[in-house]
Amino acid sequence: MSGAGNTAPISGPDTTKAVVSDTKDTSSSLKDQQKPAATLEEDDEFEDFPAEDWQQEDTEIPGGNTHLWEESWDDDDTNGDFSAQLR
Amino acid sequence: MADGTPTGTPTLDQFLAELQRIICEQNGAQLQDYLVIEPPYRQLYTAMIAEIRQRYPKGKEDELEGKCSAALPEAREGADGSPWTAFIKFITQYFAFIRDVNVENLLETYNQLSELVQKCNSALGHPSLGIVILPTVIAYSRVLARLAIGLDKRPELIAHLTKQSSDDSGVRETLPERAANILRQAFVTCLNDRTGTASGVRDGKPDGKKVGIYTIANLCLKILFQCRKTRNAEQIFSNIYNQSPPLSIYPRPERITYLYYLGRFLFSNNHFYRAQHALQAAYDQCPPHRLKQRRLILIYLVASNIILGRFPSAALYSQPEALGFAERFAPLCRSIARGDLATFRRLTDPKNEHASWFLHYRIFLQLKNRCEVLVWRSLIRKTFVLAGQQGDAQARKAPTLDLGYVLQLAQMLEQKALSPLSQLDGGPGRRHTNWIFMDREPPASARYVDPDFAGTEEGRPEVLLPDMLEVESIVASLVDQGLLNGFISHRQLRFAIQGAKRKGALPAGFPNVWEVVKGRCDEEVPGWKKDPPRGAVGATAGRIAAGGFGPGMVVNLSGARPVGAVP
């Protein structure tokens with residue numbers, strides 16, 4: 001196998017190419033800048049669940065009814081920059 | 001036994017005898033337990049390794065295979081008239097692996113492990129005995145995945161070993177892709193298993209090797225996502241969609257993990273509504289104390305929902321796994337709701353303080369590009385609230401909006417967005433003391449000269465601000481997407497709202513974004529194998545009782561009701 005793949009990220013001709021290189025750069029600069037605060041953000045690996053989580057398979061998970069989303073968010077405030085500009 | 005045998009491999013002989021017994025008993029769990037690959041090895045294994053090194057050093061693999069074959073009549077003869085020689089080849093490779101493995105050389109270890117897993121996969125292919133090795137396949141795949149991801153993330157570990165082979169330009173597959181492809185063989189074997197029931201379900205549980213489908217698929221997906229080769233994941237999702245038993249009969253950890261990857265894949269392919277479905281299901285099933293997993297799911301779930309016009313609630317922001325979400329997502333949502341294009345541009349600028357976070361999770365471009373549509377909708381709505389003509393239902397005059405006002409606001413906001421001040425603007429209270437004296441002119445970098453005219457009389461740099469044509473096309477596009485309800489009078493340059501008589505101008509002209517999106521999407525999520533609809537269960541119940549249902553049909557009777565019962 002080619003060793004090139006191990007030393008440099010090879011991106012296929014896909015549309016995410018720009019993101020790939022961007023992300024690489026920023027994540028490394030992130031690491032440099034905010035090492036202490038970034039522990040939660042650095043690792044985006046989706047870890048395996050430990051077996052003990054599943055002793056009671058399919059028990060109800062609490063919080064299922066939490067109101068998570070706002071579907072009506074239109075803003076009818078008529079003060080501010082916009083009205084000043086239109087006057 | 002030791003002193004009497006000419007081979008002088010008492011531990012190996014004993015080990016092979018144990019394997020013979022395990023195969024007889026078809027005890028897959030114990031087989032996996034025995035076939036340890038990761039050092040440090042227990043004393044029994046070190047003794048066995050020493051024996052193999054002495055009696056079967058490199059080059060003597062044929063003899064080693066002959067020994068295994070002789071010691072494992074159960075595998076040699078196989079079952080149902082089909083010998084399990086693939087197992088003998090695998091076990092020979094196993095002995096060679098533990099004989100040779102040297103974790104100092106990770107590349108070599110990776111290659112040896114790849115070969116071992118491939119042999120293991122071949123053994124998995126045996127119609128009736130293959131299932132005995134499934135736990136081993138899964139355990140080895142896990143190690144291979146970990147190694148592949150580790151090496152991909154820290155290429156310096158093997159950089160010194162790969163130099164010689166770097167001119168070998170014939171191979172385009174990267175190291176993690178190779179690992180994923182090896183795992184995919186096992187995945188396909190599990191998926192194609194025809195030894196159990198036709199549906200792949202027995203007593204509400206996956207039957208035969210199909211039990212391994214999602215575990216192996218998830219490992220494969222983990223490699224592809226960690227190594228950013230997500231495009232290759234498509235085949236896994238489509239294979240599962242076509243052939244797998246329903247996801248719901250698999251254990252919960254497998255379901256959550258699979259739906260997370262499926263959601264991310266759909267997100268990266270701009271299928272936000274489907275992504276939202278998969279991720280919401282993953283989130284709902286994920287235990288509350290698994291904050292890391294919940295957070296990862298929630299990042300993509302929130303991003304999908306914002307794009308679809310559903311914003312996180314205060315309750316969501318206060319979840320422990322949503323730490324830091326409010327400062328990143330709430331300003332974005334606020335700028336969308338207000339139609340504040342200038343703030344939106346600042347928040348989605350790559351130089352913004354949170355851009356690196358959005359980029360890290362690969363949601364930056366999607367939020368930037370997709371949410372702009374919603375900002376324009378709000379901007380036009382706001383303009384209508386401030387300057388629209390309400391119309392007259394009696395006189396059959398529709399409410400209208402002069403697009404000139406939209407243009408005026410859009411230009412003001414774009415100009416503001418271009419000024420360097422707006423990029424520094426932390427908002428009221430966080431501005432520079434001399435804010436009001438600062439220059440609001442766009443910088444030279446924001447000005448544009450067509451290269452064909454550069455340096456000529458006409459080629460004076462200008463700031464590119466939206467013109468009427470652009471505003472018209474944006475309104476037309478929003479109408480086309482169902483986000484505005486009405487039509488444009490091109491002659492009068494006005495947008496007219498339809499249906500205001502019944503609903504009122506605002507609800508008629510600017511329908512709820514989420515409702516519009518939901519209305520045009522169906523609930524089917526490719527890649528997510530769901531249970532057949534209830535009606536189908538009722539209809540096929542008779543045929544199931546007769547035992548006659550076709551291949552690929554999956555019937556889970558746990559939710560069945562009598563025909564005609566009210567659901």
Side-chain angles (χ1 to χ4, degrees), chain A residues 1-12 14-16 18-20 22-27 29-30 33-34 38 40-51 53-54 57-59 61-64 66-78 80-83 85-87, chain B residues 151 155 158-159 162-163 165-166 168-169 171-175 178 222 226 228 231 251-253 256-257 260 268 284-285 287-288 290 292-293 295-296 305 309-313 315-316 323 333 337-338 356-357 359-362 365 378 381-383 385-387 405 408-409 412 510 512 514-515:
Chain A
M1 74 156 274
S2 161
N6 308 321
T7 47
I10 292 179
S11 307
D14 64 348
T15 49
T16 57
V19 192
V20 173
D22 282 2
T23 313
K24 268 268 190 253
D25 295 340
T26 48
S27 58
S29 63
L30 244 190
Q33 289 162 14
Q34 350 176 315
L40 192 57
E41 312 300 359
E42 276 309 304
D43 188 11
D44 56 358
E45 179 187 344
F46 197 85
E47 287 174 7
D48 295 340
F49 292 103
D53 278 12
W54 316 102
E57 164 78 3
D58 284 332
T59 44
I61 288 186
T66 315
H67 169 68
L68 295 177
W69 310 109
E70 304 288 357
E71 290 157 21
S72 300
W73 37 260
D74 275 321
D75 176 54
D76 289 328
D77 181 17
T78 49
D81 284 7
F82 288 19
S83 44
Q85 175 73 23
L86 289 179
R87 250 174 233 134
Chain B
L151 291 180
I158 51 169
T162 57
K163 285 208 177 82
S165 58
S166 60
D168 180 11
S169 53
V171 189
R172 280 186 193 86
E173 199 179 42
T174 61
L175 183 146
R178 186 151 67 99
K222 184 178 197 153
Q226 284 280 292
R228 306 195 159 158
R231 258 185 331 151
R252 184 148 40 137
I256 299 170
T257 309
Y260 164 74
S268 68
D284 290 345
Q285 295 177 61
R290 289 289 152 208
K292 248 191 107 178
Q293 287 91 341
R295 182 174 176 83
L296 276 172
N305 270 300
R310 273 212 301 189
F311 296 167
S313 69
L316 187 149
L323 190 74
C333 294
R338 288 184 179 160
S356 54
W357 189 85
L359 276 166
H360 177 70
Y361 290 106
R362 335 195 97 211
L365 291 179
S378 296
R381 187 181 181 281
K382 196 63 153 297
T383 319
V385 170
L386 291 168
Y405 291 128
Q408 204 180 330
L409 280 180
M412 181 269 282
F510 306 89
N512 181 288
W514 167 251
E515 294 298 331

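Chain identifiers are assigned alphabetically (A, B, ...) following the order of the sequence lines, protein sequences preceding nucleic acid strands; residue numbering begins at 1 within each chain.
Of the two parts of B:Ser378, only the side chain, counted from C-beta on, holds a non-hydrogen atom closer than 4.5 Å to a non-hydrogen atom of chain A. Interface remark: B:Tyr405 contributes backbone and side-chain atoms alike to the contact with chain A (heavy atom separation under 4.5 Å). Both the backbone and the side chain of B:Arg310 have a heavy atom closer than 4.5 Å to some heavy atom of chain A. For a residue to count as touching a neighbouring chain, one of its non-hydrogen atoms must lie under 4.5 Å from one of that chain's; by this rule B:Gln408 touches chain A with backbone and side chain alike.
Looking only at side-chain heavy atoms (C-beta outward), B:Arg381 and A:Asp76 come within less than 4.5 Å of each other. Side-chain contact between B:Pro253 and A:Asp48 is absent, with no heavy atoms from C-beta onward closer than 4.5 Å. Taking 4.5 Å as the limit, every side-chain heavy atom of A:Ser72 sits out of range of all side-chain heavy atoms of B:Glu515.
Residues passing the ring pair (Phe, Tyr, Trp, His ring centres under 6.0 Å) test with B:Trp514 are B:Tyr273, sequence neighbours excluded. Legend: residues meeting ring pair (Phe, Tyr, Trp, His ring centres under 6.0 Å) with A:Phe82, ordered by chain and number and at least two apart, are absent.
Ranked by heavy-atom pairs under 4.5 Å with chain B, the list A:Thr78, A:Asp77, A:Asp75 is led by A:Asp75.
Contact check on B:Lys222 versus A:Glu45 returns a salt bridge, with a Lys/Arg side-chain nitrogen under 4.0 Å from an Asp/Glu carboxylate oxygen.
With hydrogens and angles ignored, the 3.5 Å screen pairs a side-chain donor or acceptor of A:Trp73 with a backbone N or O of B:Gly309.
The line from CG of B:Leu296 to CZ of A:Phe46 is 7.0 Å long, rounded to the nearest 0.5 Å. Here the CG-CD distance, from B:Asn305 to A:Glu71, works out to 8.5 Å after rounding to the nearest 0.5 Å. Distance check: B:Gln293 CD to A:Phe49 CZ gives 4.5 Å after rounding to the nearest 0.5 Å.
Minimum heavy-atom separation, A:His67 to B:Ala315: O-CB, 3.4 Å.
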request  = Apply the test side chain to side chain contact (heavy atoms under 4.5 Å, CB included) to residues A:Asp44 and B:Gln226: give CA-CA distance (whole Å), side-chain angles for both, the deciding distance (0.1 Å), then the verdict.
outcome  = CA-CA 8 Å; A:Asp44 56 358; B:Gln226 284 280 292; 3.5 Å; yes
